[in-house]
Amino acid sequence: MSSLVINLFLAGFAYVIVIYFVATMTKNSLKKGKSNGDDGDGGIENQSPPKIDLPPGVIWPTSPKSPKKSPEPVDV
């Protein structure tokens, strides 16, 4: 047999062994019965939006709109 055929056979054999080990390791971790609902970051949940200091005249789209001030009369 040529060296190419031997190399392809060995590479295929190594691939099968690696896939076997990955499959057995993954199966063991899935059997433990842990719920996947936990994101694992810990701490206290804070669902409130951050308080950001916006420039004057800029408001959030969800905040109530303040009444517009009428422009002051200009003396000419």
Side-chain angles (χ1 to χ4, degrees):
M1 292 199 299
S2 69
S3 63
L4 176 64
V5 173
I6 294 171
N7 285 339
L8 288 175
F9 175 73
L10 290 176
F13 185 69
Y15 178 76
V16 168
I17 290 175
V18 167
I19 294 298
Y20 171 75
F21 282 122
V22 168
T24 55
M25 288 178 182
T26 321
K27 185 172 37 172
N28 288 338
S29 66
L30 292 176
K31 282 185 178 179
K32 291 183 182 178
K34 293 182 181 177
S35 65
N36 292 334
D38 184 21
D39 57 0
D41 62 353
I44 301 171
E45 287 189 30
N46 185 5
Q47 300 294 338
S48 64
K51 306 290 185 224
I52 299 176
D53 187 24
L54 296 174
V58 178
I59 60 170
W60 289 105
T62 56
S63 65
K65 296 184 178 181
S66 61
K68 294 183 179 179
K69 296 179 182 177
S70 61
E72 297 178 12
V74 179
D75 293 332
V76 193

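Nothing here was measured: the structure is a model prediction, and the numbers come from that model.
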- Task: Go through the steps for Phe13 and Ile17 under the test side-chain contact (heavy atoms from CB on, under 4.5 Å), then give the verdict.
- Result: CA-CA 6 Å; Phe13 185 69; Ile17 290 175; 3.2 Å; yes
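No single ILVMFWY cluster, assembled from side-chain heavy atoms under 4.5 Å apart, contains both Leu10 and Val16. The cluster map of Ile, Leu, Val, Met, Phe, Trp and Tyr, joined by side-chain heavy atoms under 4.5 Å apart, puts Ile6 and Phe9 in the same cluster.
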